[in-house]
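Both counts, for ligands and for their atoms, begin at 1 and track the order of listing.
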Amino acid sequence: MLSQLGDEAKLLAGGQSLIPLMKLRFANPQHLIDLNFVGGVSYIKEEAGALRLGAMTRHAEIENSALLAKNPILHDCAAGIADVQVRNRGTIGGSVAEADPSGDWATVLLTQNTEVRCLGLQGERTVPLADFIQDAYTTVLSHDELVTEITVKTPGKGSGGAYLAFKRSAPVYPTASAAVQLNVQGDICTDAAIRLGCVALVPVDAKEAAAALRGQKITDKTISNAMEAASAAADPQPDMRGSADYKRRLVAALVKRAIAVAVRRAKGEAVEVNHIYA
Ligand SMILES: Cc1cc2nc3c(=O)[nH]c(=O)nc-3n(C[C@H](O)[C@H](O)[C@H](O)COP(=O)(O)OP(=O)(O)OC[C@H]3O[C@@H](n4cnc5c(N)ncnc54)[C@H](O)[C@@H]3O)c2cc1C
């Protein structure tokens with residue numbers, strides 16, 4: 001249908017981004033192709049050391065899935081998206097395809113080994129998420145292609161992650177957010193990935209912040225180095241959520257808290273986290 005109807009057609013998943021844009025007249029598609037009538041595209045499966053999430057899987061289904069126990073950062077993300085109404089409708093496939101700079105999923109999934117399965121008239125292809133998102137609201141999808149599945153490799157033993165966002169209230173996007181995934185052996189961080197959300201047009205790969213931890217003992221000093229590097233990597237825009245300087249400081253504080261939880265989880269502790277609300 002996408003290829004038959006051409007550029008004037010848009011896919012409708014949970015409608016939690018598209019419908020508000022249509023109400024504001026920022027989007028005005030002539031045709032909506034409703035994915036809610038397609039069977040077999042909403043599922044969570046554990047297979048070959050990875051979680052496979054069908055594109056139409058709702059945030060709420062992910063939040064409530066017992067299969068997330070081995071990778072709690074996914075629960076941190078799903079459970080913190082807006083409010084129950086949005087989580088009951090919004091889908092992981094829609095979120096990834098939308099590539100909204102303020103969206104939570106991409107920030108978290110980019111710290112994981114994540115692939116996006118795409119389907120079009122030319123056939124199927126699997127794209128690493130880092131290559132899938134090209135810019136704000138821009139992905140590699142061609143017009144007649146859709147996302148069918150997101151695959152997230154389950155982190156091994158000794159690996160722990162955490163995602164924390166700061167929000168002005170539940171039903172709004174974060175002011176800033178931080179996703180951290182660490183490998184820890186004894187007191188040493190053997191590997192690290194840190195992504196920052198809402199502080200640039202795409203989730204920031206805070207490479208220097210991760211490097212400040214990699215191969216180091218996790219101490220106040222190394223955490224402080226990572227915070228400083230994260231703050232420097234952020235490139236936020238001032239808006240009604242705060243000044244650029246405020247967001248830089250905020251994101252550093254979120255990195256600090258996320259590191260603390262990630263370390264505890266890497267050591268096998270079950271830790272629950274909640275976003276921070278103003
Ligand atoms: C009040 C409110 C607060 C919100 N707060 C947050 C928040 O805090 N954090 C957050 O991350 N999100 C938030 N959202 C957005 C929400 O997470 C959406 O669910 C998500 O952005 C889009 O998913 P959707 O299924 O609703 O997609 P839709 O709105 O249906 O579609 C979004 C776009 O993706 C395309 N699309 C959808 N599915 C596919 C597919 N399978 N393949 C290819 N293209 C596809 C559509 O054509 C459209 O262009 C909020 C939304 C609202 C209304």
Around [atom], find the nearest protein heavy atom and jot down its residue, atom name and distance.
atom	result
atom 46 (C) of ligand 1	Leu11 O, 3.0 Å
atom 6 (C) of ligand 1	Tyr173 CE2, 3.5 Å
atom 5 (N) of ligand 1	Ala82 CB, 3.3 Å
atom 21 (O) of ligand 1	Ser17 OG, 2.7 Å
atom 24 (P) of ligand 1	Gly14 N, 3.5 Å
atom 34 (O) of ligand 1	Gly94 O, 3.7 Å
atom 42 (N) of ligand 1	Val147 N, 2.8 Å
atom 33 (C) of ligand 1	Glu98 OE1, 3.0 Å

Residue [X] vicinity, atoms of ligand 1 by number, heavy atom under 4.0 Å:
X	value
Ile81	6 (C), 7 (C), 9 (N), 10 (C), 12 (N), 13 (C), 17 (O)
Lys10	49 (O)
Gly103	11 (O)
Gly15	24 (P), 26 (O), 27 (O), 28 (P), 29 (O), 30 (O)
Ala97	34 (O), 36 (N), 43 (C), 44 (N), 45 (C)
Gly90	19 (O), 25 (O), 26 (O)
Ala13	25 (O), 27 (O), 30 (O), 37 (C), 38 (N)
Leu141	43 (C)

Distance in Å, Ile259 CD1 paired with Leu182 CG, rounded so as to fall on 0.5 Å steps:
6.5 Å
Mind checking whether Tyr163 and Val261 have side chains closer than 4.5 Å, heavy atoms only?
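With C-beta onward as the side chain, the pair stays apart.
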Do the side chains of Val84 and Arg87 get nearer than 4.5 Å, heavy atoms only?
yes
Quick check on Val86 - does any of its heavy atoms sit under 4.0 Å from an atom of ligand 1?
yes
Within-shell test, Val172 vs ligand 1, heavy atom, strictly < 4.0 Å
yes
Kindly say whether [Y] contributes a backbone atom to a donor-acceptor pair with the side chain of [X] at under 3.5 angstrom?
X	Y	answer
Asn36	Ala13	yes
Thr111	Val180	no
His75	Glu63	yes
Asp83	Val86	yes

If you measure from atom 17 (O) of ligand 1 to every heavy atom of Lys167, His59, Arg58, Gln16, which option wins on shortest distance?
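The option holding the nearest heavy atom is His59.
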Shortest heavy-atom approach to atom 9 (N) of ligand 1 - which of Thr91, Leu21, Asp104:
Asp104
Pro171 and ligand 1 - part of the residue with a heavy-atom distance under 4.0 Å:
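Only the backbone of Pro171 comes within reach of ligand 1.
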So, applying side chain to side chain contact (heavy atoms under 4.5 Å, CB included) with Trp105, which one of Ile150, Leu74, Thr91 is it?
Leu74
